[in-house]
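The figures that follow rest on heavy atoms only: side chains count, while hydrogens, waters and symmetry mates do not. So you know, we letter chains A, B, ... as the sequences are listed, proteins then strands, and number each from 1.
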Amino acid sequence: MHHRGLYLCRNSIATFLELESHFDRLLHSCSSLTNLKQIHSSLITCGFVRQSPHLGAQIIIKYSNFRDPEGARSLFDDIHHGPNSFLWNTMLRAYANGGHCSQALELYSLMRKTAIEPNNYTFPFVLKACASESLSIHGKLVHCDVIRTGFNSDLYVEAALVDMYAKCGLIDDGQKVFDRMSKRDLVCWTAMITAYEQAERPQDSLSLFNKMQQEDLSMDSITAVSVASAVGQLGDSKKAQSVHAYVIRNIFLWDICVGNSIIAMYGKCGDVEKARLIFDRMTEKDGITWNSMLSGYTQNGLASEALLLFHQMQASGSKPNPVTALIMVSACAYLGSWQLGRKLHNFIIDSEIELDTTLWNAIMDMYAKCGDLDTAVEMFNRSHSSERDVSSWNVLISGYGMHGHGNEALELFSQMQEEGVQPNHITFTSILSACSHAGLINEGRKCFADMTKFCVIPEAKHYACMVDMLGRAGLLYEAYDLIKNMPTKPNDGVWGALLLACRIHGHGELGEIAANNLFQLEPEHTGYYILMSNIYAASSKWHEVGKLRQNIKSRGLRKPAAFSVIEFGKEVHGFHTADQLNPYSREVYKRVESLAVEMKMVGYVPDRSCVLHDVEEEDKEHILNYHSEKLAVAFGLMKIDPRTAIHVTKNLRVCNDCHSAFKFISYIYRRKIILRDANRFHHFQGGLCSCKDYCLADGTIQEYPESRLQVEFTLLLLQMRVRWWTREFHKELKEDVRFFPGAPRSTKDSTTGPNATTWKNLAMNRGRKISVLSRPACSTLYANLKEGIGNLRRFMEEPRTLWKILEIPRLFLDLPATRLA
DNA sequence: CTAGGGTTAG
């Protein structure tokens, strides 16, 4: 082909038109950059290049399609442009479409200097360049040129101005241009509708859409995409259905984008089934169709469905892109599945998906949320500071916070400032919640006060962190004052934090205030009714409890189902409360029953207040055993190598009773249990939890938690002459709680048994103070000890039957059997 | 001969 072109030139037979149409055909069938360069050079050789601006323009466009703006520019510079702006416009188009906005603007200013008059074609290209990099100042200057040259009533130019202002974030200026237009077509309506949608103002976007319909304009597929996206932002399932219906009625030719945006819309409105219906009906799909469906699943907590679909996607040969990777990494983070997360990480590396900062951050976050903080830290350290952005720091700060390492989080926060990284609103959410989890109240107060120094305006979520922190520490009125002085209206997060604090400290008055606000804000949220009814129950206001229960019933509300996940080798096991679907459920059921007996022997007392059903006291205890997290931990005890930690993830907050049980289990069986709940991580080891019981206790951080006291005390009893001591201790308990708090009343002979001194010594040997226990904690402990000892006595009386039903904990086997006889 | 509005992740 190349040679034929030259032949035609040499023989000079061909007319201008013949040559032009010849090259036209060549360009039409040109399919590679190399091919294009050949055509370009043969045009130069025959000297025809300067003759036909038409061909020049074609080649410029082709170059830009092959993403080679330099090639386009070299041709452009070669040509004698003549006095009109045609080729300039084409070159501007090449720059603008390729996203080379500074080159486009340079060329535009060169054009102005060369005194070439811009026309109605010039402005849309230049404005597009300004829009793509949000250069509003340049955009405004171009707007001046538009007015000066009199193109301000050209429909295309006006639409481009609207779009430019919107993309630069100057939506009001865009609206002004839009309002002044004498005639509006679908494109500029869509531009304006999209502008509001992109600005996350879905209401404005949709009301504009309604106005458009009143002008008898119907949408096309591009409008449909924006409208669907706006409805998705609203999360209004009813509106989603009407948009869907409207699209079916008014757009006869669906393209993939419409299908994709409808899938995304349904996903965001919580209607995954409908999304899947569309997905299955789409005969042609692209990468975004996948991704939209996957994120629909993950946004609705259906991570396992997402994983299944991802699997099918790979099986069908579709290639995941970086966005797919991001969605799936977050699904693993949600599930807390380290195995799956690790697999996915390897997959990303193997399939050479580009690991940009966003994806890198998501993977770090995934590891932190799967309990593997070390790997997250290592990844952070391995990245160069140039590859880090604010989110990288945020991810690690919140990771430390989740695991209860408040000081590390604070250290990272100051390190970040030393490196000149500007903290944003998310940084402050992370650092405040880290302070809250670690009980670092003064540090938290200081961070909150410093926010304005960093030009971050405290939002409701920051107030919620503060209320949570102060509230847990028992500073309920300080928390309430903070809420009252909020510059904006307190939201559900803020009141929810106060309500939780009131539950912890049994404060009915403030609890009612918080609850009444919450019932108005979120009338469908079951958790708030339950929290408030717990507060009433704690102060025996049964009438009020009944009223709330009735309220829940009449609204037809249900508590979200609790769910716990545990990994075992390559298997991932999920447990629901009282689950019978799990293949191991029989074994697990037996194990939780025996666990309860074993734990009671060392002083565990089931916390029946954690059962909210209206059932007999004895049944309550039974129900506690079948909590999803207990089932998962029991499974872990049976199946997982004792040298490795048991990792469990729960979708809701851990229940108080399970929290206490896991402390016992970690002590008795010498197992490390790492539990992720909806709020944070709990690392159980040796009878202690890393959260220092901050989530449950009355605010005083106990250096010596009650569970540990109970365990050690009971073991002490076992090691001594059991029968006798049990009886003696029982007597002692009846008299008084001598050893808590403060000094013992009298010092008995230490050889006679575990009196106050024995206790003190026991505690001292471990470098602990007993006196840190507060009075309410003491009375609970006292009651629990009493019940625990009662249990122990009953067991002692029938040791033989007991051993039969138990898998005897190793610790007991270590004890000489004679002592028990 | 050259023109304007778009979908997934956080």
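Across the protein-nucleic acid pair, Lys62(A) atom NZ and dT2(B) atom P stand 14 Å apart, rounded to whole Å. Residue Phe86(A) contributes atom CZ, which lies 7 Å from atom P of dT2(B) at whole-angstrom precision. Rounded to whole angstrom, the span from the CG atom of Leu161(A) across to the C1' atom of dG4(B) amounts to 10 Å.
Note on Ile60(A): nothing from the nucleic acid sits closer than 4.0 angstrom, heavy atoms only. Residue contacts shown for Asp185(A) include a base, since a base heavy atom lies under 4.0 Å away.
Residue pairs meeting the salt bridge (Lys or Arg N to Asp or Glu O under 4.0 Å) criterion with at least one partner in residues 160-172 of chain A, sequence neighbours excluded, are Asp163(A)-Lys167(A). Judged as a side-chain hydrogen bond (donor to acceptor under 3.5 Å, both in side chains), the pairs with a partner in residues 267-277 of chain A (not counting sequence neighbours) are, in order, Arg276(A)-Asp280(A), Arg276(A)-Tyr297(A). Residues in residues 347-366 of chain A take part in these side-chain hydrogen bond (donor to acceptor under 3.5 Å, both in side chains) pairs, two or more places apart or across chains: Asn361(A)-Asp389(A), Asn361(A)-Ser392(A), Asp365(A)-Lys369(A).
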Sugar-phosphate atoms are those with a prime plus P, OP1 and OP2; base atoms are the rest. Using that split, label each nucleotide of nucleotides 5-10 of chain B B, S or - for protein heavy atoms under 4.0 Å, 5' to 3'. BBBBB-
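Glu20(A) meets the side-chain hydrogen bond (donor to acceptor under 3.5 Å, both in side chains) test with Ser52(A); sequence neighbours excluded. In this structure, Tyr196(A) has no ring pair (Phe, Tyr, Trp, His ring centres under 6.0 Å) partners at least two apart in sequence or on a different chain.
The aromatic rings of Phe151(A) and Phe123(A) sit tilted relative to each other, their planes meeting at an angle between 30° and 60°.
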